[in-house]
Amino acid sequence: MYKIILNLLIIFIIYNINYINANDSININNLKKIPILNEGRIKPLDTFAKKNFLKINKNYEYKNLDSIYWLSELIFIPNKAYEKEIFKINKNLIKILNLKKKNYFSFNELFEALNQKTKQINKLYKLNYYNLSKSQKKLLNLHKKILNYLNISQSLSMINYKFDLNKELIEKLNLKKKSKFCYLDILKKKEILLNNIKIISKKKLSNINELEKNILKILNELSLLSKEKKNNILKIIPPINNKILWYSPWEIINQNFDNNIKYLIYWKKLTKEYNNKNQKNWDIILNKLINLTYEKKSKNLFYKIYIEIIYNKINLLNLLTYIYILILTITLLKTKNVFYINILNHIKKYLYNINTIIYCFIILTRIYITEKPPVTTLYESLIFVGFIITILTYINKINKINIILGCIINILILYISNKYSNYVDNINITAAILNTNFWLTIHVISITIGYGSCIFTSFLSHYHLLEIYKNKNFQYNNTYKNILKILTFALFFSFIGTILGGVWAEQSWGRFWGWDPKENGALLINLWIILLIHGKISNLLNNTSFIIGVCFLNIIIIIAWFGVNFLNTGLHTYGFIKKLENNIIIFTIVDLIYIIILSYIIYKKYKKKFLT
């Protein structure tokens, strides 16, 4: 059975990796291997394409259009990409922009419509974003998307934009005879043009001949195109002279790095073969470009890029979700047949083991790529908490209840991570405030283990509170021991993590404790757990009251983990996630209703037995 499941997993991975866009006549998948410096880290062009396509369309394989194929068309044939209808906007924006009702719009349509609202949009940029209405925010966000789209499309405009030159001018500039010329072609003849300008500038306007007029016209077009020199989004050219800075094609032209013009020549050849749909030549040129790009870089970078491409493609977090749903379904199945029960139990254990292995692979992959502990962002802490809960299920014995709770918690965590991060390029640069590997490892990991332990024991208490409500003769012994054991484990890591955080704060900010919202949240977790444990030991809390108190730990964790970031104050605001406020409020209200109603019913039904 284990081998069957493992084979299915391998088939799933191979199927995903070998996906090729059938709508294109040439296979450009190897373009994904080109490294790019973006948002503070070097990543594959594949990740850059996915993340930027996701800004336009939530489904990054929309209509079988893989994001790398979208990006290649945008940078190689921008005019064609401008006509593609891939932007989806809501009904309010359609009305505001006076557009015809349809599902998707092209860049050209939206660019023209937004141009008519320029004054209105400029006013919105001057206002506080958080004070804008929903419609105004969406209009402003759409404008940013369109500008980003335009910037990407202009990354290779020195190659894509073509000039018409007459025979006389071609001879004057000593150019090879062809129908069209790009900025890069004419740039090579810069000295000839400058010499001619000196001669023309000394002449009267009436004495300028046709050839000289053509030279002025071309120079004017070159000047207009050179305004795109500020476009530095596509940093695909590696550092020069062992420096750490990567460059965009326009930066190379601006700074006259003659040694790196060879990169632009390869990109020019790629553009030509892409337009000609010549697979053989495309592969040869692309391989040369890839070899040149990695020539002065360590092999480690190539391996990182390749692993990240695989990581993007197989989408392990989605796979985790599906397996957890499958485990939960199998666990909830009811059958009296002993044979089937044994088979289902074996399948559950194998699937749970596979999920644990997948979690380990995800965490180790992210550590390898970032060279940081796996908790540098709020998103990563979600994954790590899911992993901790999976491990706790093993520690607390793999039984039906633990598996159900482990699956439910992981499905919720993976749902949150999917909803707010979309599984694409969540390997972000570490916030400067966290950029210390030693403290990041011992402080943040300790705190995160504490979070995971608290969440698991709180869900366990929720379940047992329901059992108390259903069963008058509920036995506390094992329940109390399990909850107390995990709660003590949670307190250990939360307390150690909080103290270590104070030491880190002393070194970084010059104070051990500053009553920062995040610090207060960590303190609240520790105080609540200590209150519960001491209350139980001193017999101030009976078993039922103790379990009810542990149930409230979920709300405290959510407030300390996410809630304090919405205050947008203090030194720990790097963990902010937009649009999460409403979900936290809903979760808190639902959880409070659950705890209060069950507690009240239990109090009324079993007052003498449990609360005396």
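Counting begins at 1 with the first residue of the sequence.
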Over 60° means perpendicular and under 30° means parallel, so classify the ring planes of Tyr125 and His143, tilted if in between. perpendicular
Quick one: sort the Tyr149 and Phe107 rings into parallel, tilted or perpendicular, breaks at 30° and 60°.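 It falls in the parallel class, under 30°.
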Any side-chain heavy-atom pair of [X] and [Y] under 4.5 Å:
X      : Y      : value
Leu132 : Leu127 : yes
Phe48  : Ile233 : yes
Leu292 : Glu295 : yes
Lys288 : Lys269 : no
Ile42  : Ile36  : no
Ile310 : Ile314 : yes
Ile34  : Trp267 : yes
Pro35  : Lys43  : no

Just checking, any donor-acceptor pair under 3.5 angstrom between side chains of [X] and [Y]?
X      : Y      : value
Tyr82  : Ser106 : no
Ser157 : Trp250 : yes
Tyr129 : Asn141 : yes
Tyr368 : Asn300 : yes
Asn52  : Asn148 : yes

What heavy-atom pair brings [X] and [Y] nearest, and what distance separates the two atoms?
X      : Y      : result
Trp246 : Pro239 : NE1-CD, 3.5 Å
Leu150 : Ser153 : O-OG, 2.6 Å
Asp46  : Ile309 : OD2-CA, 3.9 Å
Leu286 : Leu31  : CD2-N, 3.6 Å
Pro44  : Lys32  : CB-O, 3.3 Å
Leu93  : Lys138 : CD1-O, 3.8 Å

Measuring from [X]:[atom1] to [Y]:[atom2], what's the distance to the nearest 0.5 Å?
X      : Y      : atom1 : atom2 : answer
Leu234 : Glu251 : CG    : CD    : 10.5 Å
Phe302 : Ile290 : CZ    : CD1   : 7.5 Å
Ser72  : Trp282 : OG    : CH2   : 6.5 Å
Gln116 : Ile121 : CD    : CD1   : 10.5 Å
Lys50  : Leu45  : NZ    : CG    : 10.5 Å
Ile89  : Leu142 : CD1   : CG    : 6.0 Å

Does Arg41 form a salt bridge (Lys or Arg N to Asp or Glu O under 4.0 Å) with Glu308? I'd like the steps, not just the answer. CA-CA 13 Å; Arg41 77 176 184 92; Glu308 189 171 339; 2.7 Å; yes
Check this for me, if you would: do [X] and [Y] make a salt bridge, where the nitrogen-to-carboxylate-oxygen distance has to be below 4.0 angstrom?
X      : Y      : value
Asp66  : Lys313 : yes
Glu273 : Lys277 : no
Lys100 : Glu109 : no
Arg366 : Glu380 : yes
Glu371 : Lys304 : yes

What do you reckon, is [atom1] of [X] surrounded by more than 12 foreign heavy atoms closer than 6.0 Å?
X      : atom1 : result
Glu112 : CD    : no
Lys137 : NZ    : yes
Lys102 : NZ    : yes
Lys117 : NZ    : yes
Lys144 : NZ    : yes

Taking the side chain from [X] and the backbone from [Y], do they hold a donor-acceptor pair closer than 3.5 Å?
X      : Y      : result
Lys145 : Lys55  : yes
Gln279 : Asn27  : yes
Gln136 : Ser133 : yes

Set out, in order, the CA-CA distance, both residues' side-chain angles and the distance that settles side-chain contact (heavy atoms from CB on, under 4.5 Å) for Leu156 and Phe76, then state yes or no. CA-CA 7 Å; Leu156 296 177; Phe76 293 133; 3.9 Å; yes
side-chain contact (heavy atoms from CB on, under 4.5 Å) assessment of Phe53 paired with Ile86: CA-CA 9 Å; Phe53 192 58; Ile86 59 171; 3.8 Å; yes
Going through the checks in order, is the side-chain contact (heavy atoms from CB on, under 4.5 Å) test met by Thr365 and Ile369? CA-CA 6 Å; Thr365 300; Ile369 292 170; 3.8 Å; yes
Among Leu382, Leu317, Leu320, the one residue meeting side-chain contact (heavy atoms from CB on, under 4.5 Å) with Ile413: Leu382
Begin with the C-alpha distance, continue with both residues' side-chain angles, and end with the deciding distance and a verdict on side-chain contact (heavy atoms from CB on, under 4.5 Å) for Ile96 and Ser135. CA-CA 9 Å; Ile96 291 168; Ser135 296; 4.0 Å; yes
Phe87 and Phe105: ring-ring contact (aromatic ring centres under 6.0 Å, His included), yes or no, with the steps? CA-CA 5 Å; Phe87 289 88; Phe105 296 86; 9.3 Å; no
